Protein chains: 2
Amino acid sequence: MERFRDILKASNLKSTHQRLAILECIDTHGHIDIETLFELILQKYPTMSKATLYRNIHDLLAFYILEEVKLPQQKQKYEIKKVPHIHLLCSHCGNVEDIFVETKPLLETIFFQSGFEISSSFIVMNGICKRCSSKK
Amino acid sequence: MERFRDILKASNLKSTHQRLAILECIDTHGHIDIETLFELILQKYPTMSKATLYRNIHDLLAFYILEEVKLPQQKQKYEIKKVPHIHLLCSHCGNVEDIFVETKPLLETIFFQSGFEISSSFIVMNGICKRCSSKK
DNA sequence: CTTCATGCAAATAATTTGCAGTAAG
DNA sequence: CTTACTGCAAATTATTTGCATGAAG
């Protein structure tokens, strides 16, 4: 994936095999936690160390290349930073789906009610996804 | 606080000093993390151990007496379970405010768009609270 | 070449567990 | 009394750091 090289270069970060592997792995897997990520990368790069993984996650977050996703009852996960979206967490199959929805009305209601000026939001919906509910 | 004794009894949990202290502390302090909670309780009960704290937090969560609050860039916090609400996290003063807002329209939009049946939601808004924005 | 990133091992922090003693009901 | 809960210490697990080596540009 050439795009990750560009993204890294833009932040003056070297495009090491390890970093590219981390980014590609998160990209193809979607929301992923440290442990799973580590095991997946080990398969390609048996020498990968956890210290490197932690350091890179930290740096990639700092440069807003990654984003943390804190889901209820779950270990912290990570994803490639993208356009703001809502997380739909299926309590049946465990999958996380992203959805892009207009939230402006809600934000305006909140401002109206409380005077709180919102700059960003983090939203997780728990429930049953379409696939699971149609299987019942 | 007599009400916590009742709540504990309803779940067949004994009303120990430690448990009552944990609940009262979280109740008066609001959203609080393990470390802060531990230090506050130590002042009243110098013998309180962290093992007990962790065990109790775990059990109180399991009985839905407490609720976990995972805020971006912050350590996990806990609060007394209450009516569903939205968290407003002020990036200036760091305070977390709770607000009760009608989210039904948003939930319906999501269902309409994706077929995802929502049972509960977790929402954090980042921004500047009324108090801070009026100080500028 | 020069600088930044990696791997390893060791250090630190966070959380869990086993067990004997203690307190709640 | 009986059972569940606590405190302590030890065990795990998670994360960070120092430093010598190696790779990227």
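Chain A is the first sequence line, chain B the second, and so forth, proteins listed ahead of strands; every chain is numbered from 1. Small disclaimer: the values here were computed from a predicted structure and weren't measured.
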For the side chain of [X], starting at C-beta, report the closest nucleotide among [options].
X       : options               : result
B:Thr47 : C:dG7, C:dA24, D:dG7  : D:dG7
B:Ser49 : C:dA5, D:dC8, C:dG7   : D:dC8
B:Ser15 : C:dT15, C:dG25, C:dT6 : C:dG25

Contact class for [X] vs. all strands (heavy atom < 4.0 Å): base, sugar-phosphate, or nothing?
X       : result
A:Asn56 : sugar-phosphate
A:Leu13 : sugar-phosphate
A:Gln18 : sugar-phosphate

- Item | B:Arg19 vs B:Ala51, nearer the 5' end of DNA chain D by closest nucleotide | B:Arg19
- For B:Thr52 and for B:Lys14, find the nucleotide of DNA chain D with the closest heavy atom, then tell me which residue's nucleotide is more 5'. B:Lys14
- Determine whether A:Thr36 and A:Lys75 make a side-chain contact, defined as any pair of heavy atoms from C-beta on separated by less than 4.5 Å. no
- Message: Can you confirm whether A:Tyr78 sits close enough to A:Ile57 that some side-chain heavy atom of one is under 4.5 Å from a side-chain heavy atom of the other?
- Response: yes
- Note on the structure: A:Met48 CE to C:dG7 C1', in whole Å, measures 11 Å
- Item | Atom-to-atom span, CG of B:Leu53 to P of C:dT17 - whole angstrom | 15 Å
- Looking at B:Gln76, does any N or O in its side chain come under 4.0 Å of the phosphate oxygens OP1/OP2 on C:dA14? no
- Where is the tightest heavy-atom contact between B:His87 and B:Glu79, given as atom of each residue plus distance? CE1-OE2, 3.4 Å
